[in-house]
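Throughout, protein chains are lettered first and strands after them, A, B, ... in sequence-line order, and every chain is numbered starting at 1. Computed from a predicted structure; not experimentally measured.
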2 protein chains.
Amino acid sequence: MSRVLVVDDDRHLLRALRITLAAAGHEVVTAPDGTTALREAASAHPDVIVLDLGLPDMDGTEVLAGLRPWFAGPVLVLSARAGSNDKIQALDAGADDYVTKPFDMAELLARLRAALRRRVSEGSDPVVVTEHFTVDLAARQVLADGGPVRLTPTEWALLAELVHNTGRLVSQRQLLQSVWGPAYERETNYLRVYLAQLRRKLEPDPSHPRYLHTEPGAGYRFTP
Amino acid sequence: MSRVLVVDDDRHLLRALRITLAAAGHEVVTAPDGTTALREAASAHPDVIVLDLGLPDMDGTEVLAGLRPWFAGPVLVLSARAGSNDKIQALDAGADDYVTKPFDMAELLARLRAALRRRVSEGSDPVVVTEHFTVDLAARQVLADGGPVRLTPTEWALLAELVHNTGRLVSQRQLLQSVWGPAYERETNYLRVYLAQLRRKLEPDPSHPRYLHTEPGAGYRFTP
DNA sequence: AGGGATCCTGACGGGACCTTGACGTCGCTG
DNA sequence: CAGCGACGTCAAGGTCCCGTCAGGATCCCT
């Protein structure tokens, strides 16, 4: 159904959440601390994040701050602190919801459903068609004249980010953040290498791109 | 800032909410019962709805059910009932958040901000159109008669700063500062060079500018 | 354990971009 | 009318960025 990243240092709670969420049809990824959370968020591409504020290595709001510049999906915060100030601080730091421990598992699921519902209703065309190929974001597949095109996971992540912003310029930073994670903002090499591979697989004339355009010094743009 | 429809039958609470929300910069519309709420929601086009479940004429979930088929914005439910089943029912009926009475006013405001933040990020592109070209600030693109116009990063930064203050005079200092940084306030050469390039790319007759006007000794002005 | 696919890394040539300075023109002022 | 300042234009140099390629490391499946 959708991928959920659960961040909590309580092993028992983590286990309970994993079981409950899996039973509800979600794919579950877990992280026991903030550092792991940021890494998993970048690599696993979750649809939604459940974040406990009380983590061993860093404050939960710091994780939020590290997440928000590039993670657009909903973040649901868990916390043992019931004070209004804690709630306000977390919500203004970018949280979409705030649930106080101890909480009712069924209520948490309902709040997750509410958060995910918005994402679905926002979802624009999951399919983009050009003269030479078709990109199906939902099915994670690219079809060309001669049948399906084989894309590696990295190639796909890059293409998906570009297609998701069809017509708009996507900055190098945004691409690097969403595909490789926030720590790779400077590795513009990666973009050059993988854009070349995508062009070789998709463009009719890879040396004169028609769909995957370069904007020197800025980023890349997909235009159908 | 944004328009809020508040639905509650408690006059005192309604009054308190009206004052608090107005102080936070919102425009406030109120409704004392479900029938009025549905009418106001249709006529006033609110950005967000705060809905009490305990209404005199109909159940709150019925109001939600009447709202959801056509109202896409966030709905924040208030209720005196703290049971999990009530929450789950409301959330699955289409509510985006559920706050139990009595609640902290500051927390409600924070939850409203969180709900509205999502809407802003979806915001449509600010586009400036002239007779000869179109500037799309969100997509970072300029379209002319013959297709897209290639702009270098510096050219774009300069144009964006001018377009962002359409019709207003932008001082040389402000332009230099926002494009090149505070250390370049004296380098008015740069402006002359890059304004010339922009005119060559955008103006129908570059030697007689129609959109990018020079104000001698002061700065430049973009007029559509 | 072996093979293949995928990913990372560094180097290099070519081209685009930014900077800089010189020169001509226009308008204002003494 | 002469002088001055501000603006527009142009070209050249140097820097930075991009596309390309290949080698090596890593991971996964057999």
Using whole Å, what does the distance between atom [atom2] of nucleotide [N] and atom [atom1] of [X] come to?
| X | N | atom1 | atom2 | value |
| --- | --- | --- | --- | --- |
| B:Arg186 | D:dG5 | CZ | C1' | 16 Å |
| A:Arg200 | D:dT20 | CZ | P | 7 Å |
| A:Leu191 | D:dG19 | CG | C1' | 13 Å |
| A:Leu175 | D:dC17 | CG | C1' | 16 Å |
| A:His208 | D:dG19 | NE2 | P | 13 Å |
| A:Asp205 | D:dT20 | CG | P | 10 Å |

Would you mind checking if [Y] and [X] are paired as a salt bridge, meaning a charged N to carboxylate O distance below 4.0 Å?
| X | Y | result |
| --- | --- | --- |
| B:Arg111 | A:Asp97 | yes |
| B:Arg68 | B:Asp96 | yes |
| B:Arg210 | B:Asp205 | no |

Sequence neighbours excluded, which residues qualify as side chain to side chain contact (heavy atoms under 4.5 Å, CB included) partners of A:Ala16?
A:Met105
Name all pairs fulfilling the ring pair (Phe, Tyr, Trp, His ring centres under 6.0 Å) condition that reach into residues 141-178 of chain B, sequence neighbours left out, sorted by first residue then second.
none
Residue pairs, two or more places apart or on separate chains, that pass ring pair (Phe, Tyr, Trp, His ring centres under 6.0 Å) and touch residues 127-147 of chain A
A:His132-A:Tyr211, A:Phe133-A:Tyr211
Which ones in residues 210-219 of chain B lie close to DNA chain C, meaning a heavy atom under 4.0 Å from one of its atoms?
none
Quick check on the helix from C:dA1-D:dT30 to C:dG30-D:dC1: what's the angle between its two end axes, five base pairs per end, to the nearest 10°?
30°
Would you compute the distance between atom CG of A:Leu109 and atom CG of A:Leu116 and round it to the nearest 0.5 angstrom?
10.5 Å
For each nucleotide in nucleotides 24-30 of chain C, reading 5' to 3', give B when a protein heavy atom comes within less than 4.0 Å of its base, S when such contact involves only the sugar-phosphate, and - otherwise.
-------
Scan nucleotides 6-15 of chain C nucleotide by nucleotide, 5' to 3', and note B when protein non-hydrogen atoms come under 4.0 Å of the base, S if they reach only the sugar-phosphate, - if neither.
SBSB------
Taking atom types as modelled, is there a side-chain donor on B:Gln172 or B:Thr188 under 3.5 Å from an acceptor on the other?
no
Return the set of residues passing salt bridge (charged side-chain N to carboxylate O under 4.0 Å, His left out) with [X] (not counting sequence neighbours), or none when no residue passes.
| X | answer |
| --- | --- |
| A:Asp10 | none |
| A:Asp52 | A:Lys101 |
| B:Arg221 | B:Glu215 |
| A:Arg18 | none |

Please set out all donor-acceptor pairs under 3.5 angstrom arising from side-chain atoms of residues 141-154 of chain B, sequence neighbours excluded.
| from | atom 1 | to | atom 2 | distance (Å) |
| --- | --- | --- | --- | --- |
| B:Thr152 | OG1 | B:Glu155 | N | 3.3 |

Would you tell me if any nitrogen or oxygen in the side chain of A:Gln172 comes within less than 4.0 Å of OP1 or OP2 on D:dC18?
yes
